[in-house]
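Along the sequence shown, the residues carry numbers beginning at 1.
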Amino acid sequence: GVEVGPQPQGVARADILDKMRKIVKHGLDFVQLFNEGKEFPPCTIDVFKIMEKVDYPRNKNNEITAMIHPKLQDQDWQPLNNGDPLFLTLDGKVIPYQGNCTVYPTFINEAAYYEKKQAFVKTEKIKLTAKHLRSSVS
């Protein structure tokens, strides 16, 4: 499967559809080249590994008491460091990120995840290395 976004629920966006078409085309091009016997050199790529899901601050009645801080909104995959603004309470108080390492939040303030009690997902950036790749079929 391919998921490309962000895109609000029930909204069709031409730019997101174009991105999805491009990634599917690249995938099909890779399969074709692989099937033709092309050898791909070793490579390293940055990926994001899920660490944990983070909920909104809530009161004793389980009601959300703060929203995503404006500086974090629309910053998916960008570094979030200790002390950076994370949430903003309804009375204007900033709740900073308190962590011992830089994280890369994603799915920030996605409407589909409110009911799942998820404000965003913390990920860590890691490097994956792939050996050379070549089809064994001649």
Side-chain angles (χ1 to χ4, degrees):
V2 175
E3 181 177 344
V4 182
Q7 177 171 309
Q9 292 175 288
V11 174
R13 287 184 44 173
D15 61 330
I16 300 297
L17 178 60
D18 184 55
K19 288 178 183 179
M20 186 269 312
R21 284 182 173 146
K22 285 178 181 173
I23 194 73
V24 169
K25 183 183 180 316
H26 286 303
L28 292 172
D29 289 346
F30 170 82
V31 169
Q32 180 177 348
L33 292 169
F34 179 80
N35 287 341
E36 291 172 355
K38 177 172 174 61
E39 185 169 348
F40 295 89
C43 66
T44 302
I45 185 171
D46 290 332
V47 298
F48 297 87
K49 181 180 176 184
I50 292 175
M51 298 169 67
E52 68 178 304
K53 296 175 183 175
V54 177
D55 192 9
Y56 294 89
R58 294 178 183 269
N59 63 19
K60 63 182 178 183
N61 296 325
N62 207 28
E63 298 165 326
I64 294 174
T65 59
M67 61 194 104
I68 294 294
H69 192 280
K71 289 186 178 180
L72 180 60
Q73 184 64 51
D74 301 321
Q75 296 301 308
D76 295 77
W77 314 111
Q78 299 304 309
L80 180 65
N81 300 297
N82 187 45
D84 287 349
L86 186 59
F87 294 106
L88 184 64
T89 65
L90 299 178
D91 62 356
K93 180 183 173 196
V94 174
I95 301 172
Y97 170 63
Q98 296 177 344
N100 56 8
C101 65
T102 298
V103 297
Y104 297 81
T106 188
F107 304 113
I108 300 169
N109 202 24
E110 294 269 349
Y113 297 123
Y114 270 64
E115 66 187 40
K116 296 177 183 178
K117 297 184 176 182
Q118 180 179 314
F120 63 93
V121 173
K122 281 193 329 189
T123 68
E124 63 179 323
K125 190 181 206 179
I126 60 174
K127 290 192 179 297
L128 290 183
T129 302
K131 297 179 182 178
H132 77 281
L133 181 65
R134 184 175 178 179
S135 174
S136 60
V137 178
S138 335

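Aromatic ring orientation, Phe34 versus Phe40: parallel (interplanar angle below 30°, classes split at 30° and 60°).
Side-chain heavy atoms closer than 4.5 Å link hydrophobic residues (I, L, V, M, F, W, Y) into clusters, and following such links, possibly through other members, connects Leu33 to Leu133. No continuous path of ILVMFWY side-chain contacts below 4.5 Å connects Trp77 to Met51, so the two sit in separate hydrophobic clusters. By the criterion of side-chain heavy atoms lying less than 4.5 angstrom apart, applied directly or through intervening Ile, Leu, Val, Met, Phe, Trp or Tyr residues, Val103 is not grouped with Tyr113; the two fall into different hydrophobic clusters.
Closest heavy-atom contact between Gly83 and Pro96: O-CB, 3.6 Å. Taking each heavy atom of Lys117 and Asn62 in turn, the nearest pair found is NZ-ND2, 2.6 Å. A pairwise comparison of heavy atoms in Pro105 and Leu80 identifies CD-CB, 3.8 Å as the closest pair. Nearest heavy-atom pair across Lys49 and Ile126 is CB-CD1, 4.1 Å.
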Item to check | Ile64 vs Tyr114, side-chain contact (heavy atoms from CB on, under 4.5 Å): CA-CA, chis, key distance, verdict | outcome: CA-CA 10 Å; Ile64 294 174; Tyr114 270 64; 4.0 Å; yes
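Taking Lys22 as the reference, Asp18 meet the salt bridge (Lys or Arg N to Asp or Glu O under 4.0 Å) condition, with sequence neighbours excluded. Every residue two or more places apart in sequence or in another chain was checked for a side-chain contact (heavy atoms from CB on, under 4.5 Å) with Lys60, and none qualifies. In this view, Val31 and Asn35 satisfy the side-chain contact (heavy atoms from CB on, under 4.5 Å) rule, not counting sequence neighbours. Qualifying salt bridge (Lys or Arg N to Asp or Glu O under 4.0 Å) partners for Glu52, counting only residues two or more places apart in sequence or in other chains: Lys122. Legend: residues meeting side-chain contact (heavy atoms from CB on, under 4.5 Å) with Asn100, ordered by chain and number and at least two apart, are absent. For Asp15, the salt bridge (Lys or Arg N to Asp or Glu O under 4.0 Å) partners at least two apart in sequence or on another chain are Arg13.
The line from CD of Gln78 to CG of Asp84 is 11.5 Å long, rounded to the nearest 0.5 Å. For the atom pair CE of Met67 and OH of Tyr56, the computed distance is 10.5 Å after rounding to the nearest 0.5 Å. Taken from CD in Glu36 to NZ in Lys38, the straight-line distance is 10.0 Å, to the nearest 0.5 Å. Atom CG of Asp76 and atom OG1 of Thr123 lie 9.5 Å apart (nearest 0.5 Å). The CG atom of Asp46 lies 4.5 Å from the NZ atom of Lys125; values are rounded to the nearest 0.5 Å.
Around CZ of Arg58, the count of heavy atoms belonging to other residues, nucleotides or ligands within 6.0 Å exceeds 12. No more than 12 heavy-atom neighbours from other residues, nucleotides or ligands sit within 6.0 angstrom of CD1 on Ile23. Counting non-hydrogen atoms of neighbouring residues, nucleotides and ligands closer than 6.0 angstrom, the CD atom of Glu39 exceeds 12 such neighbours. Within a 6.0 Å radius of CD1 in Ile50, no more than 12 heavy atoms belonging to other residues, nucleotides or ligands are found. Other residues, nucleotides and ligands contribute at most 12 non-hydrogen atoms within 6.0 Å of the CD1 atom of Ile45.
Put simply, the side chain of Gln98 reaches to within 4.5 Å of the side chain of Asn82, judged on heavy atoms. Using a 4.5 Å heavy-atom cutoff, the side chains of His132 and Pro41 are not in contact. Annotation: side chain of Asn109 is in contact with side chain of Gln73 (closest heavy-atom distance under 4.5 Å). Contact check for Ile108 versus Leu72: side-chain heavy atoms found under the 4.5 Å cut-off. Taking the side chain as every heavy atom from C-beta outward, Thr89 and Ile95 approach each other to under 4.5 Å. The closest side-chain heavy-atom distance from His69 to Leu86 is not below 4.5 Å.
The main-chain N or O of Asn61 is found under 3.5 Å from a side-chain atom of Asn59 such that the two form a donor-acceptor pair. Without hydrogens or angle criteria, Asn81 side chain to Thr102 main chain gives no donor-acceptor distance under 3.5 Å.
The ring-ring contact (aromatic ring centres under 6.0 Å, His included) test with Tyr104 is passed by exactly one of Tyr97, Phe48, Phe120: Phe48.
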